[in-house]
J.: 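Pasting a structure here, questions to come.
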Amino acid sequence: MNILVTGGLGFIGSHTVVELTANNHEVIIVDNLSNSKIEVLDKLHQITGRRPAFHQIDVTDETQVEDIFLTHKIDGVIHFAGLKAVGESVSKPLEYYYNNLVSTMVLSKLCLKYDVGKFVFSSSATVYGDQPSPLKEEMALQKTTNPYGETKAISERILTDVSQANEGFSVSLLRYFNPVGAHESGLIGEDPHGIPNNLMPFVTKVAKGKLEGLSVFGNDYETVDGTGVRDYIHVMDLAEGHVKAIEKLSSGVNIYNLGTGRGISVLELVKAFMQVNHVEVPYEIVERRPGDVAICFADAGKAEEELGWKAKRSLEDMVRDAWKFEVNNS
Ligand code: NAD
Ligand code: UDP
């Protein structure tokens with residue numbers, strides 16, 4: 001297939017481009033480089049042996065995106081492009097609603113106009129709100145606690161309505177849990193601007209000595225050791241999930257959790273990181289972070305049953321590959 005990958009130079013998008021290429025799909029990347037670097041294109045070439053088509057455009061710009069639909073034959077779209085920092089979305093709600101919703105509407109509108117019937121969307125486990133894990137796709141969604149989460153819930157609704165009104169337009173809403181790690185080459189990975197918000201990139205920067213110490217947000221949750229529990233998934237497993245999702249897309253609206261189905265606590269992750277990589281990660285326990293849930297992990301059964309996809313990589317793989325990327329890129 002010829003697949004338009006929006007946000008294809010970002011963290012999850014770039015790893016998915018590797019897997020799509022390995023499965024003989026032609027990739028057309030669009031990205032405005034707001035949270036990625038052009039060098040990633042060379043790294044993709046190095047890893048895959050092929051240079052994907054790339055256009056530096058903003059996916060909220062309908063005229064520019066239409067040019068892509070006119071110049072390339074497109075069979076499907078995987079829409080990663082979006083702003084994703086939860087805290088920033090609270091202080092800049094309009095930027096988040098505009099970027100994340102207009103991009104989804106522009107792309108789906110052009111898919112209908114140019115008869116592109118396959119659409120895969122990057123959603124998030126955040127749409128479940130605070131409900132007991134394991135989280136299942138059929139659970140009712142709860143209001144999320146920030147504009148970022150709302151953009152995911154609203155995008156899911158837009159795509160669902162558009163698909164229901166247009167028989168030939170099928171969508172896959174992929175609810176990611178906590179993507180971490182990097183391609184095993186260490187050439188591409190997660191490279192956030194500034195001080196990371198998420199646990200794994202924070203841990204790698206502490207281990208490297210770029211940040212002084214990790215603050216563990218709370219140790220009084222009802223979990224195995226009191227620290228928050230999440231479903232960390234290796235980004236290459238996630239990438240493989242996207243290939244399956246677009247190749248096996250059934251008609252209509254399809255919703256899948258992409259997680260491992262296993263919860264890991266903050267301290268379990270930090271200890272695995274130190275043990276596997278033989279490095280120190282100094283940490284201290286601090287107050288809970290507002291808005292955090294205690295436990296969040298997937299029921300990953302539906303994706304396995306319907307797509308034949310299952311996360312294969314271990315926590316050791318995740319911490320090893322995350323560290324390899326940090327070491328290679330600093
Ligand atoms: P990322 O920031 O690394 O990648 C997003 C890419 O989209 C970046 O390269 C950025 O430059 C580009 N982009 C943003 N707005 C754009 C626009 N208007 N036009 C063109 N390009 C634009 O983020 P990621 O971690 O790879 O996340 C990819 C998607 O998955 C996002 O939609 C994110 O919300 C979603 N998601 C991520 C996580 C996570 O933990 N990383 C979890 C759940 C969902
Ligand atoms: N966390 C932490 N210190 C940090 C960053 C995160 O203790 O500097 C904890 C956080 O409270 C949560 C887990 O690590 O329990 C995962 O947080 P992250 O922000 O990576 O993902 P999310 O909370 O969005 O699932």
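In listed order, ligands and their atoms are each counted from 1. Here the structure is a predicted model, which is why all the values come from computation and not from measurement.
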J.: For the aromatic rings, using the six-membered ring if either is Trp, is the centroid distance between Phe80 and His242 under 6.0 Å?
T.: yes
J.: Give the atom numbers and elements of ligand 2 that come within less than 4.0 Å of a heavy atom of Ser215.
T.: 2 (C), 3 (N), 4 (C), 7 (O), 8 (O)
J.: So for Gly8, does at least one of its heavy atoms come nearer than 4.0 angstrom to any atom of ligand 1?
T.: no
J.: Tell me whether Ala81 has any N or O atom under 3.5 angstrom from an N or O of ligand 1.
T.: no
J.: Go through the side-chain N and O atoms of Glu306 and Tyr256 and say whether any donor and acceptor fall under 3.5 Å apart.
T.: yes
J.: Within the 3.5 Å criterion, strictly below it, is a donor on His72 or His55 matched to an acceptor on the partner's side chain?
T.: yes
J.: Taking heavy atoms and a distance under 4.0 Å, where does Asn197 meet ligand 2: side chain, backbone, both or neither?
T.: backbone
J.: Is any N or O atom of Val30, backbone or side chain, closer than 3.5 Å to an N or O atom of ligand 1?
T.: no
J.: Using a 4.0 Å heavy-atom threshold (strictly under), name the region of Asn198 that reaches ligand 2: side chain, backbone, both or neither.
T.: both
J.: Among Leu199, Val229, Ile195, which one puts a heavy atom closest to atom 20 (O) of ligand 2?
T.: Leu199
J.: Quick check on contacts: which atoms of ligand 2 are under 4.0 angstrom from a heavy atom of Asn178?
T.: 21 (O), 22 (P), 25 (O)
J.: Please classify the Tyr232 to ligand 2 contact at 4.0 Å (heavy-atom distances, strictly less than): side chain, backbone, both or neither.
T.: side chain
J.: Is ligand 1 less than 4.0 angstrom away from at least one heavy atom of Val102?
T.: no
J.: Is the shortest N/O to N/O distance between Ser34 and ligand 1 below 3.5 Å?
T.: yes
J.: Under 4.0 Å from a heavy atom of Ser124: give me the atoms of ligand 1 that qualify, with their elements.
T.: 43 (C), 44 (C)
J.: Do Arg175's NZ or CZ and the ring of Tyr128 fall within the cation-pi criteria of under 6.0 Å and 45°?
T.: yes
J.: Is the closest N or O pair between Leu83 and ligand 1 shorter than 3.5 Å?
T.: no
J.: Using a strict 4.0 Å cut-off to heavy atoms of Val216, name the atoms of ligand 2 that fall inside it.
T.: 7 (O)
J.: Using 30° and 60° as the class limits, which term best fits the ring planes of Tyr114 and Phe69: parallel, tilted or perpendicular?
T.: tilted
J.: Identify, by atom number and element, the atoms of ligand 1 in contact range of Tyr148, meaning under 4.0 Å from any of its heavy atoms.
T.: 33 (C), 34 (O), 35 (C), 36 (N), 43 (C), 44 (C)
J.: Run the ring-centre check on Phe119 versus Phe169 and record whether the distance is less than 6.0 Å.
T.: yes
J.: Out of Arg230, Lys84, Met200, who is nearest to atom 25 (O) of ligand 2 when you count heavy atoms only?
T.: Arg230
J.: If you measure every N/O of Asn99 against every N/O of ligand 1, is any gap under 3.5 Å?
T.: yes
